[in-house]
Amino acid sequence: MKILILNGPNMNLLGLREPALYGRDTYEDLVALAEKTCREEGLRCVCVQSNHEGVLIDEIQKAREDCGGIVINPAAYSHTSIAMADALRAVALPAVEVHITDPEQREPFRRVSYTGMACCKTIKGQGIDGYRQAILYLKEQLKK
Ligand code: CA2
């Protein structure tokens with residue numbers, strides 16, 4: 001079983017800017033953790049990061065062809081993108097939203113996640129370990 005690990009805008013800067021907020025782990029560390037977790041759990045994964053909403057939507061749609069589930073951090077698009085939420089609903093794959101920080105403890109404009117409403121679970125405030133937790137949760141869902 002393959003899962004899509006999808007990251008949105010600016011996630012490529014992880015660990016390089018604002019470490020007090022996002023920590024020191026880089027996007028490469030995140031990918032290494034996701035790949036290791038999937039390997040240990042007998043899953044395959046493809047990791048994609050894009051700064052472009054349309055590319056992210058294309059990736060969600062493509063996942064329908066060969067993936068059993070999605071782990072997604074839409075980054076700031078969580079709070080704006082009804083189009084991404086629609087894509088997640090349209091493909092109807094189990095999806096877990098991950099946030100490195102806890103958006104609800106930050107500015108009021110981060111309190112709503114349209115994409116999170118289209119996911120079966122949200123894991124927030126756990127740093128990159130949230131991706132490991134999301135993969136484990138998804139594996140349990142896929143067994144059902
Ligand atoms: O906490 C998260 O994972 C977020 O999805 C990160 C987004 C933010 O817009 C969400 O509200 C919460 C930001 C993406 C990363 O942006 C960076 C900016 C500077 C340095 C490193 C990353």
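Whatever order the structure lists ligands and atoms in, that order sets their numbers, starting from 1.
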>> Using a 4.0 Å cutoff against the non-hydrogen atoms of Pro9, which atoms of ligand 1 qualify?
In response: 14 (C)

> Donor-acceptor pair, Ser81 side chain versus Ser78 backbone, under 3.5 Å?
Replying inline: no

> Which residues satisfy the side chain to side chain donor-acceptor pair (under 3.5 Å) test with Tyr131, sequence neighbours excluded?
Replying inline: Asn7, Asn73

>> Closer than 4.0 Å to some heavy atom of Ala76 - which atoms of ligand 1 meet that?
In response: 9 (O)

> Short list, please: which atoms of ligand 1 are under 4.0 Å from a heavy atom of Ile100?
Replying inline: 1 (O), 2 (C), 3 (O)

> Would you say the side-chain atoms of Ser113 and Glu97 include a donor-acceptor pair closer than 3.5 Å?
Replying inline: yes

> Are Glu40 and Lys36 close enough for a salt bridge, meaning some N to O gap below 4.0 Å?
Replying inline: yes

> Asn73 heavy atoms, cut-off 4.0 Å: which ligand 1 atoms fall inside?
Replying inline: 2 (C), 3 (O), 5 (O)

> Given Arg110, Arg111, Glu18, Gln126, which one has a non-hydrogen atom that is nearest to atom 9 (O) of ligand 1?
Replying inline: Arg110

> Considering only heavy atoms of His79, which atoms of ligand 1 have at least one such atom less than 4.0 Å away?
Replying inline: 10 (C), 11 (O)

>> Nearest non-hydrogen contact with atom 4 (C) of ligand 1 belongs to which option: Glu97, His99, Arg17?
In response: His99

> Within a radius of less than 6.0 Å around CZ of Arg24, do more than 12 heavy atoms belonging to other residues, nucleotides or ligands occur?
Replying inline: no

>> If the condition is side chain to side chain donor-acceptor pair (under 3.5 Å), which residues does Tyr27 pass it with, not counting sequence neighbours?
In response: none

> Which of the numbered atoms in ligand 1 are below 4.0 angstrom from a heavy atom of Met11?
Replying inline: 14 (C), 15 (C)

> Nearest protein heavy-atom contact for atom 13 (C) of ligand 1: which residue, which atom, what distance?
Replying inline: Tyr22 OH, 3.3 Å

>> Please give me the minimum heavy-atom distance between Val91 and Ile60, naming the atom from each residue.
In response: CG1-O, 3.3 Å

> Salt bridge or not for Glu107 and Arg110, using N-O below 4.0 Å?
Replying inline: yes

>> For atom 1 (O) of ligand 1, what is the closest protein heavy atom, and at what distance to 0.1 Å?
In response: Thr101 OG1, 2.5 Å

> In the protein, what heavy atom is nearest to atom 16 (O) of ligand 1, and what distance, to one decimal place, separates them?
Replying inline: Asn10 CB, 3.4 Å

